[in-house]
Protein chains: 2
Amino acid sequence: MKTAKIESLLQKSNVRPTAMRILVYNFLLENEAAKSLTDLENYFDKSDRTTLYRTIKTFEDKGVVHQIDDGTGTTKYALCEQGCNCQIETDLHLHFYCNICDETVCLTDRKIPNINLPDGYTAEDANLVIKGRCEKCPE
Amino acid sequence: MKTAKIESLLQKSNVRPTAMRILVYNFLLENEAAKSLTDLENYFDKSDRTTLYRTIKTFEDKGVVHQIDDGTGTTKYALCEQGCNCQIETDLHLHFYCNICDETVCLTDRKIPNINLPDGYTAEDANLVIKGRCEKCPE
DNA sequence: ATAAATCGTGCAACAGAAGTGCATTATTCA
DNA sequence: TGAATAATGCACTTCTGTTGCACGATTTAT
Ligand SMILES: [Mn+2]
Ligand SMILES: [Mn+2]
Ligand SMILES: [Zn+2]
Ligand SMILES: [Zn+2]
């Protein structure tokens, strides 16, 4: 995707398109798998961890990315797709973690099914992670 | 529950029932909510963190407790119930995290529904956490 | 155009959770 | 009783996430 295109996308989300932010956006765009702060740190070894941290935080606040807790202990981030409404209310798609290649992907079209809770419990949010073998890791 | 009872329960799981282990077991037993290592550390302020850490690890290895990743960033532990087979294959009950009282409980009778994955993906494990308001926190 | 205000970046330092090495103490077993 | 084994406690480390503060860049007002 062209830099100009990313610039306008960021602007539409009220994120000022700095050089670093465009690079981070592009990195997330080019990778199907969700990325952690450490992933960014390793890839952009020139840039400071704090900058990347705050970049991703800004992205999250402005609804450009969403956080993923895949159970590995390190938070991952993925670009929000068009129509992703994780800011307003949690977008209830599930995530898949591959035990082989250690990558996490959004399964945006698979929604978390409604669960019937015991009396007195009310659901406000949910997180479902399926772990197994991904399509890129054949047996 | 009597100490002698806990002793024999631990022995049945091939865990030597030391004083500390019995205390930890009893603590988990008396609390409905799952507990973190820090919770144990705060409660047993006489004992060392490492001891508690290894106690809970031993419990986990021997199938006395199971780990819970509730999305808070700190791992919690809860006693395995009779018939819990989280060692052999993952016991697919779900967990509930209360946004108000910050407590996590097992919903052992609610199983994670089967999810139809895209072609090429195979599921081996799953984690579902519902977040909201628990029965002890009325509106 | 210039100055003031705001925003982004980088360095350092810190906090919390988890984990390891090693010495000491307690328990089991020959 | 003594040797072997297991449990405990202390110190230290790693990893992730987070904040304070100073400096440089960019925007906005005059
Ligand atoms: Mn996602
Ligand atoms: Mn449970
Ligand atoms: Zn894979
Ligand atoms: Zn509650």
Side-chain angles (χ1 to χ4, degrees), chain A residues 3 6-8 10-11 13-27 34-62 64-78 97 102-104 129, chain B residues 3 6-8 10-11 13-27 34-62 64-78 97 102-104 129:
Chain A
T3 296
I6 296 176
E7 265 186 54
S8 84
L10 288 178
Q11 263 156 353
S13 302
N14 293 311
V15 174
R16 282 161 61 178
T18 67
M20 198 65 235
R21 286 171 178 174
I22 292 167
L23 286 173
V24 169
Y25 191 99
N26 197 53
F27 178 66
K35 295 294 174 186
S36 69
L37 179 57
T38 305
D39 291 335
L40 290 175
E41 208 183 332
N42 291 336
Y43 186 76
F44 296 104
D45 42 350
K46 295 164 219 161
S47 180
D48 187 77
R49 206 171 78 252
T50 314
T51 304
L52 295 166
Y53 170 72
R54 289 199 256 240
T55 296
I56 212 80
K57 272 281 172 194
T58 303
F59 280 6
E60 200 192 345
D61 289 348
K62 298 302 170 70
V64 175
V65 301
H66 64 277
Q67 228 183 72
I68 303 167
D69 171 19
D70 61 6
T72 59
T74 60
T75 306
K76 308 244 168 72
Y77 300 88
Y97 171 77
D102 187 43
E103 297 212 323
T104 302
V129 180
Chain B
T3 296
I6 297 176
E7 265 186 55
S8 84
L10 288 178
Q11 264 156 352
S13 302
N14 292 311
V15 174
R16 281 162 60 179
T18 66
M20 199 65 236
R21 287 172 178 173
I22 291 166
L23 287 173
V24 170
Y25 190 99
N26 197 53
F27 177 67
K35 296 293 171 186
S36 69
L37 180 56
T38 305
D39 291 334
L40 291 175
E41 206 183 331
N42 292 335
Y43 185 78
F44 297 104
D45 42 349
K46 294 162 220 160
S47 180
D48 187 76
R49 206 172 75 254
T50 314
T51 303
L52 295 166
Y53 170 72
R54 290 200 255 239
T55 296
I56 212 79
K57 272 282 172 194
T58 304
F59 280 6
E60 201 193 344
D61 290 348
K62 298 301 169 73
V64 176
V65 302
H66 64 277
Q67 227 184 72
I68 303 166
D69 171 20
D70 62 5
T72 58
T74 59
T75 306
K76 308 245 167 75
Y77 300 88
Y97 172 76
D102 187 42
E103 298 212 323
T104 302
V129 180

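All chains are named by letter (A, B, ...) in the order of the sequence lines, taking the proteins before the strands, and each is independently numbered beginning at 1.
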Rounded distance (Å) that lies between atom P of D/dA6 and atom CG of B/Leu10: 17 Å
Identify which one of A/Leu40, A/Val65, A/Val24 satisfies the side-chain contact (heavy atoms from CB on, under 4.5 Å) criterion when paired with A/Thr55. A/Val24
To the nearest Å, give me how far apart CD (A/Glu41) and P (D/dT18) are. 14 Å
In this structure, how many angstroms lie between the P atom of D/dG9 and the CZ atom of B/Phe44, rounded? 12 Å
Between A/Ser36 and A/Asp39, a side-chain donor and acceptor under 3.5 Å: yes
A/Tyr43 atom OH, neighbour heavy-atom count above 12 within 6.0 Å: no
Within residues 17-25 of chain A: residues closer than 4.0 Å to DNA chain D (heavy atoms): none
Indicate yes or no for a side-chain donor-acceptor contact from A/Asn42 to the backbone of A/Thr38 under 3.5 Å, with no hydrogens or angles considered. yes
Using every non-hydrogen atom in the two residues, find where B/Ala78 and B/Ile68 come nearest and quote the distance to one decimal. CB-CD1, 3.8 Å
For A/Lys57, report the nucleic acid contact type (base, sugar-phosphate, nothing); a contact means any heavy atom under 4.0 Å. sugar-phosphate
Rounded to the nearest 0.5 Å, the CD1 atom of B/Ile56 sits from the NZ atom of B/Lys76 at a distance of 13.0 Å
If I take atom CG in residue B/Asn14 and atom P in nucleotide D/dA6, what distance separates them, rounded to the nearest angstrom? 13 Å
Using a 4.0 Å heavy-atom cut-off across all strands, classify B/Thr75 as base, sugar-phosphate, or nothing. sugar-phosphate
Using the closest heavy atom to pick a nucleotide of DNA chain C for each, name whichever of B/Arg54 or A/Asp48 lands nearer the 5' end. A/Asp48
Verdict with supporting geometry, B/Leu52 and B/Leu37, side-chain contact (heavy atoms from CB on, under 4.5 Å): CA-CA 7 Å; B/Leu52 295 166; B/Leu37 180 56; 3.9 Å; yes
Distance check needed: D/dA7 C1' versus B/Lys62 NZ, whole Å only. 13 Å
When you match B/Val15 and B/Thr50 each to their closest nucleotide on DNA chain D, which lands nearer the 5' end? B/Val15
B/Lys62 side chain vs B/Asn14 backbone, donor-acceptor pair below 3.5 Å: yes
Measuring only between side-chain heavy atoms, which start at C-beta, is B/Phe59 closer than 4.5 Å to B/Arg21? yes
Hey, which sits more toward the 5' end of DNA chain C by its nearest nucleotide, B/Lys76 or A/Arg49? A/Arg49
With a 4.0 angstrom cut-off to heavy atoms of chain A, pull out the first and last contacting nucleotide of DNA chain C, in 5'-to-3' order. C/dC7 to C/dA13
Rounded distance (Å) that lies between atom P of D/dT19 and atom CG of A/Leu52: 17 Å
